[in-house]
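Model, not experiment: these values are computed from the prediction. All chains are named by letter (A, B, ...) in the order of the sequence lines, taking the proteins before the strands, and each is independently numbered beginning at 1.
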Amino acid sequence: MKSYRKELWFNIHQRMEFVNITANVEEALRESGIREGLCLVNAMHITASVFINDDERGLHHDYEVWLEKLAPHQPTSQYRHNVGEDNADAHMKRQIMGREVVVAVTRGGLDFGPWEQIFYGEFDGRRRKRVLVKIIGE
Amino acid sequence: MKSYRKELWFNIHQRMEFVNITANVEEALRESGIREGLCLVNAMHITASVFINDDERGLHHDYEVWLEKLAPHQPTSQYRHNVGEDNADAHMKRQIMGREVVVAVTRGGLDFGPWEQIFYGEFDGRRRKRVLVKIIGE
Amino acid sequence: MKSYRKELWFNIHQRMEFVNITANVEEALRESGIREGLCLVNAMHITASVFINDDERGLHHDYEVWLEKLAPHQPTSQYRHNVGEDNADAHMKRQIMGREVVVAVTRGGLDFGPWEQIFYGEFDGRRRKRVLVKIIGE
């Protein structure tokens with residue numbers, strides 16, 4: 001069994017933003033030399049997500065509006081976590097969008113359906129954060 | 001290390017429906033010959049889910065009502081994604097229910113608690129869609 | 001390839017509560033002797049979650065309030081599942097918080113960002129329930 005590990009770094013300038021990282025994960029997979037196995041991609045921070053969905057700007061706008069409705073940032077005083085912080089809502093948005101994805105690796109590629117793309121979802125940006133790619137297989 | 005890959009195909013006649021696919025995944029596991037490892041089951045489409053919960057008709061009805069409340073289909077014009085489409089809500093429902101499950105494989109079986117069953121969750125049906133089963137182990 | 005399996009048992013005295021199980025998973029990892037691989041941690045029951053977030057008491061209170069708003073327990077009669085049961089809301093809360101996490105194993109440790117901790121999330125407590133830890137690798 002082979003394994004490969006790589007960190008991807010981000011510094012998002014908005015509070016909330018979605019970044020397509022599919023090409024970065026594909027590059028890590030090529031570097032790994034693994035042909036058959038599983039590829040884990042996870043946020044290493046607890047106010048961010050990694051998820052798979054569509055690379056469509058309108059949808060990303062809709063996600064932002066929807067997440068803000070389900071877990072509003074304001075008023076920040078509604079959350080007990082917000083003592084010296086203002087990011088409680090980001091911890092909730094991340095639970096809806098998820099921490100991680102696991103993708104099948106088949107014949108050296110990410111085994112995807114027609115529209116699947118991997119995104120980093122930031123909910124408390126404006127500082128450096130990381131995503132972990134861990135691939136195991138042969 | 002062994003690996004095995006299988007696609008399951010669906011054509012759901014409703015917009016939203018849940019289908020128990022546990023027996024299909026167990027069949028794939030038997031075909032794989034793998035006794036110890038991990039089994040990934042994921043929707044290959046971004047308006048569908050794979051999740052684990054109870055095979056109880058009342059609960060599935062409750063899920064439909066609840067998801068419709070959290071991410072309403074109507075009015076479709078509330079979503080920017082809905083230009084030539086009407087399925088933005090399906091992209092949201094799928095995030096709540098999840099893209100994938102990873103199940104332990106132990107002594108040749110899915111290593112489940114007493115009520116765990118695997119479901120395909122369709123949120124934008126009436127066309128052919130796929131689920132991927134990928135098993136790695138020994 | 002090596003694999004290791006361990007069950008963790010809980011009997012939570014509240015209906016809803018979050019328990020930090022990071023040390024239990026680290027102990028299972030040491031017992032496994034696995035240095036590189038993947039570690040699956042999943043609830044074996046369908047009204048409970050395993051998730052990764054912050055070990056901060058205020059945030060856990062905020063999660064409870066927020067989940068109760070998104071999927072209220074009362075009135076129990078609003079759910080068709082609640083025939084001889086009263087836990088339909090727990091099946092919904094568990095979908096938001098998730099069934100499982102997959103954690104990278106690197107150099108014999110859980111490959112975590114600075115604040116990542118693993119929690120058992122109980123939404124229908126007051127009876128014995130289990131979490132499964134399954135580790136594969138080398």
I'd like to check [X] versus [Y] (side-chain heavy atoms, cut-off strictly below 4.5 Å). Are they in contact?
{"X": "Gln95(B)", "Y": "Phe51(A)", "result": "yes"}
{"X": "Leu67(A)", "Y": "Met92(B)", "result": "no"}
{"X": "Pro114(A)", "Y": "His45(B)", "result": "yes"}

Any donor-acceptor pair under 3.5 Å from [X] side chain to [Y] backbone:
{"X": "Lys134(B)", "Y": "Val105(A)", "answer": "yes"}
{"X": "Tyr63(A)", "Y": "His91(B)", "answer": "yes"}
{"X": "Glu56(A)", "Y": "His81(B)", "answer": "no"}
{"X": "Arg99(B)", "Y": "Val102(A)", "answer": "yes"}
{"X": "Trp115(A)", "Y": "Met44(B)", "answer": "no"}

To the nearest 0.5 Å, what is the distance between [atom1] ([X]) and [atom2] ([Y])?
{"X": "Asp111(A)", "Y": "Glu7(B)", "atom1": "CG", "atom2": "CD", "value": "7.0 Å"}
{"X": "Met1(B)", "Y": "Met1(A)", "atom1": "CE", "atom2": "CE", "value": "8.5 Å"}
{"X": "Leu59(A)", "Y": "Ile46(B)", "atom1": "CG", "atom2": "CD1", "value": "7.5 Å"}
{"X": "Asp62(A)", "Y": "Asp89(B)", "atom1": "CG", "atom2": "CG", "value": "10.0 Å"}

What part of Ile135(B) is in contact with chain A, defined as an atom under 4.5 angstrom from a non-hydrogen atom: side chain, backbone, both or neither?
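No part of Ile135(B) comes within 4.5 Å of chain A.
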
Under 4.5 Å to a heavy atom of chain A? For Ala43(B) that would be backbone

Quick one: do Glu36(A) and Arg5(B) make a salt bridge, cutoff under 4.0 Å?
no

At a heavy-atom separation under 4.5 Å, does Leu70(A) approach chain B through its side chain, its backbone, both, or neither?
side chain

Examine whether an atom of Met97(A) lies under 4.5 Å from a heavy atom of chain B, and if so say whether it belongs to the side chain, the backbone or both; otherwise answer neither.
both

Residue Arg15(B) excluded, over 12 heavy atoms near CZ under 6.0 Å
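Yes.
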
Verify the neighbour count for atom CZ of Arg126(B): are there more than 12 heavy atoms of other residues, nucleotides or ligands below 6.0 Å?
yes

Considering all heavy atoms of both residues, which atom of Leu40(B) and which atom of Val103(A) are nearest to each other, and what is their separation?
CD2-C, 4.0 Å

Might you point out which heavy atoms bring Leu132(B) and Ala104(A) nearest each other, and give the distance in Å?
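Closest approach of Leu132(B) to Ala104(A): CD2-CB, 3.7 Å.
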
